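Just so we're clear, the structure is a prediction, and the values are computed from it rather than from any experiment. In what follows, chains carry the letters A, B, and so on, assigned in the order in which the sequence lines appear, proteins first and then strands, with residues in each chain numbered from 1.
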There are 2 protein chains.
Amino acid sequence: MLSAACRDSIRAMIYIANLSKKERYKNRFISIYKIARDLGLSFYFLSKNFQKLVKAGLLESHRGPHGGVKPLKPPSKIRLIDIVTVIDGIDFFNNCILGFEECSDENPCTIHNLWADKRNQILNMFEKTTLEDAIKNIERFENIKV
Amino acid sequence: MLSAACRDSIRAMIYIANLSKKERYKNRFISIYKIARDLGLSFYFLSKNFQKLVKAGLLESHRGPHGGVKPLKPPSKIRLIDIVTVIDGIDFFNNCILGFEECSDENPCTIHNLWADKRNQILNMFEKTTLEDAIKNIERFENIKV
DNA sequence: ATATTTTAAGATAAAATACTCTTAAATCTT
DNA sequence: AAGATTTAAGAGTATTTTATCTTAAAATAT
Ligand code: FES
Ligand code: FES
């Protein structure tokens with residue numbers, strides 16, 4: 001459902017948001033190399049994908065020593081759907097699951113009435129969930145994977 | 001979410017199931033060429049994908065004049081999940097949305113608690129929905145796309 | 001028997017996605 | 001000013017998915 005690029009980006013954004021809360025990292029740029037290393041991701045792939053997030057205004061970037069990226073908004077203001085929109089686009093939430101051109105209640109496919117509901121619930125989840133929600137889970141659960 | 005192969009296959013299976021109910025087609029083989037033409041799909045791609053459904057026992061095939069495919073079960077006994085399982089596999093319903101190796105309540109990622117629920121609802125839909133349900137919608141709605 | 005129709009199977013080609021590399025530009029450190 | 005660090009951008013490569021083609025096998029029709 002999410003592309004590999006999008007999965008990586010969401011993980012990284014959650015990681016950045018969480019780190020940026022700590023005193024040591026507040027308002028500091030975090031190097032992409034460090035993020036990739038800490039999360040076990042490819043530096044090349046991650047920095048490429050980050051370029052979109054920077055352009056979209058979700059991240060601020062800075063070159064040179066002590067450079068890196070940092071969030072432009074507080075975790076409570078960055079929703080998962082914002083990241084998905086930038087990296088994958090939102091076609092998934094508009095398109096027919098059977099691949100028809102149009103998707104609407106007026107022009108439904110044979111399983112539209114069932115799928116549209118599920119799809120909206122997913123959309124709802126991505127719209128409601130912010131990086132802060134994810135961070136809270138990090139604090140809440142012990143053996144959580146970041 | 002569904003691959004192109006899977007989307008095509010589901011559409012074709014619904015079409016076959018619906019056609020097989022009609023007196024003229026009862027217990028007859030329906031040519032793959034006709035199915036592809038009627039649904040606007042590629043004959044090559046569809047016949048390739050059908051091979052899996054035949055092997056899996058969802059379709060019976062027959063070569064030569066008046067050959068083709070026909071369902072091996074009544075529409076009420078073929079669930080969407082059966083087709084998805086054969087064509088795409090069920091990894092989607094087991095895997096972590098953020099790409100982690102494991103996915104379980106005991107070893108969750110930062111959004112597992114939110115996603116697992118949605119994912120199960122989708123699974124539920126695919127498990128509960130049969131070809132008969134889709135056919136009923138064909139009868140129920142006027143401008144429906146098959 | 002021979003020719004025709006139709007699916008099966010495997011090879012090939014094209015397109016999309018995932019991933020990597022190289023060079024440049026910006027910034028900092030000395 | 002020179003060198004080191006770090007992201008930006010675009011080109012390049014690899015892998016996966018999608019789509020097509022070719023040949024074979026099976027069944028029917030003549
Ligand atoms: S028309 Fe197919 S899901 Fe809406
Ligand atoms: S662990 Fe990530 S969705 Fe379950």
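When the nucleotides D:dA9, D:dT28, D:dT18 are ranked by their closest atom to the side chain of B:Ala4, D:dT18 comes out on top. Minimum atom distance to the side chain of B:Ser31 is reached by C:dT6, of the listed C:dT6, C:dA9, D:dT7.
Comparing A:Pro65 and A:Phe45 by the nucleotide of DNA chain C whose heavy atom lies nearest to each, the residue mapping closer to the 5' end is A:Phe45. Between B:Gly64 and B:Ala5, the residue anchored closer to the 5' end of DNA chain D is B:Ala5, taking for each the nucleotide with the nearest heavy atom.
A straight line from CD of A:Gln51 to P of D:dA11 spans 13 Å, rounded to a whole angstrom. Residue B:Asn49 contributes atom CG, which lies 14 Å from atom P of C:dA9 at whole-angstrom precision. Rounded to whole angstrom, the span from the NZ atom of B:Lys48 across to the C1' atom of C:dA14 amounts to 16 Å. Rounded to an integer number of Å, the gap from CG of A:Leu46 to C1' of C:dA18 is 14 Å. Across the protein-nucleic acid pair, B:His66 atom NE2 and C:dT7 atom C1' stand 15 Å apart, rounded to whole Å. As rounded to whole Å, 14 Å separates atom P of C:dT17 from atom CG of A:Leu2. Separating the CD atom of A:Glu60 from the C1' atom of C:dA26 is a distance of 14 Å, rounded to the nearest angstrom. Summarising the geometry, the separation between CD1 on B:Ile30 and C1' on C:dT7 is reported as 15 Å, rounded to the nearest angstrom.
Taking the charged nitrogens against the carboxylate oxygens, A:Lys136 and A:Glu139 have no contact shorter than 4.0 Å, which rules out a salt bridge.
Although no hydrogens or angles enter the test, the distance criterion places a donor-acceptor pair under 3.5 Å between the side chain of B:Asp82 and the main chain of B:Arg79.
Taking side-chain N and O atoms only, B:Tyr44 has a distance below 4.0 Å to OP1 or OP2 of D:dC21. For B:His62, no side-chain nitrogen or oxygen approaches OP1 or OP2 of C:dT5 to under 4.0 Å. Between B:Ser47 and C:dT6, a side-chain N or O to OP1/OP2 separation shorter than 4.0 Å is absent. For B:Ser42, a side-chain nitrogen or oxygen approaches OP1 or OP2 of D:dT20 to under 4.0 Å.
Ring planes of B:Trp115 and B:Phe92: perpendicular class, angle over 60° (limits at 30 and 60°).
Scanning atom types as modelled, one donor and one acceptor separated by under 3.5 angstrom connect the side chain of B:Arg63 and the base of C:dT7.
A distance of 9.0 Å separates NE2 in A:His112 from CG in A:Asn107, rounded to the nearest 0.5 Å.
You'll find the side chain of B:Leu80 reaches within 4.5 Å of the side chain of B:Leu131, heavy atoms only.
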